[in-house]
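Working notes for the structure below.
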Amino acid sequence: MTRQAVLFDLDGVLLDSGPSIRATLAAVTTCATGRRTTVADLPPGALHRPRTVVLDQLGVSDPEDACARWWDSALASALPAPFPGVLSGLLALHAHGVAIGVVTLQDRDRLPWYLPPALADLLDVVITRQDAPAKPAPDGLHAALNRIGAAPGQAVFVGDSPGDMTAARAAGVLALGADWGWHTTGALRSAGAQHMLTGPTRIGPSLLHHLSSNAPA
């Protein structure tokens, strides 16, 4: 296997989904409790916790049922867009023959309407939590590389959570932290980030540099 690959987390790395997730949490809480809830009512660190934990904190009596009833419809009304620079960066990677993949905690049946078409068209593979054990397990990264036809030493993974960094290191892939995501630079470095990217506009040229430096001799 000789192809180079760049793998990404989806939310908070390629998609600016923080505002969408916050709006969805507020909308689901409103529907479940009958009490008007806004983004300002969310607890601190809402993006760092499972949605059911946040909903429980907001007074939702059965968070799992509330998500089953209202999550997707609320999310569909507040769909995220790619971060500025992401699409041009991915196009630059494709122009250099680099395979592009996503390893995400999103559900597979959500992706057809959740992924912006311009982004979906640039992805060679998408691995969801239905396809492999979720991060921080390395299985999803291995599955993506197997489908692409790339070895771990020929790949990097860009993520914004400690679990992303743990998964990359366990998979033998170069771990790159996204400092524009949902977690701090310190948290990513503590979890094993080998390099930090300083903005989504760094995706094209920066990743090609790291691929070159990570290639086997």
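- For the pair His183 (side chain) and Leu188 (backbone), a donor-acceptor distance under 3.5 Å is absent.
- Atom CG in Leu90 sits 7.0 Å away from atom CG in Leu123 (nearest 0.5 Å).
- In this structure a side-chain-to-backbone donor-acceptor pair under 3.5 Å is missing from Lys135 to Ser161.
- One finds the CD1 atom of Ile148 at 11.0 Å from the CD atom of Gln154 (value rounded to the nearest 0.5 Å).
- The line from NE2 of His195 to CZ of Arg202 is 12.5 Å long, rounded to the nearest 0.5 Å.
- Counting all heavy atoms, side chain and backbone alike, Ser17 lies closest to Pro80 at CA-CB, 3.6 Å.
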**Request:** Go through the steps for Leu197 and Trp180 under the test side chain to side chain contact (heavy atoms under 4.5 Å, CB included), then give the verdict.
**Result:** CA-CA 8 Å; Leu197 302 180; Trp180 61 93; 3.7 Å; yes
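- Residue His48 qualifies as enclosed at atom NE2: its count of foreign heavy atoms under 6.0 Å is above 12.
- Between Val126 and Asp131 the shortest heavy-atom distance is O-OD2, 3.8 Å.
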**Message:** The test is side chain to side chain contact (heavy atoms under 4.5 Å, CB included); show your working for Val86 and Phe8 and say whether it passes.
**Reply:** CA-CA 11 Å; Val86 162; Phe8 297 90; over 6 Å; no
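- With hydrogens and angles disregarded, a donor-acceptor distance shorter than 3.5 Å links the side chain of Asn146 to the backbone of His142.
- Here the shortest heavy-atom pairing between Gly12 and Trp182 reads CA-NE1, 3.6 Å.
- Summarising the geometry of Pro63 relative to Asp56, their closest heavy-atom pair is CG-N, 3.9 Å, with the distance given to 0.1 Å.
- Contact record, Leu105 with Arg129: O-CD, 3.2 Å, taken as the closest heavy-atom pair.
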**Message:** One pair to check against side chain to side chain contact (heavy atoms under 4.5 Å, CB included): Ile21 and Leu75. What are the steps and the verdict?
**Reply:** CA-CA 7 Å; Ile21 301 301; Leu75 182 60; 4.2 Å; yes
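- To the nearest 0.5 Å, the span separating CD1 on Ile127 from CG on Asp139 amounts to 10.5 Å.
- Interatomic distance, Arg49 CZ to Leu25 CG, rounded to the nearest 0.5 Å: 11.0 Å.
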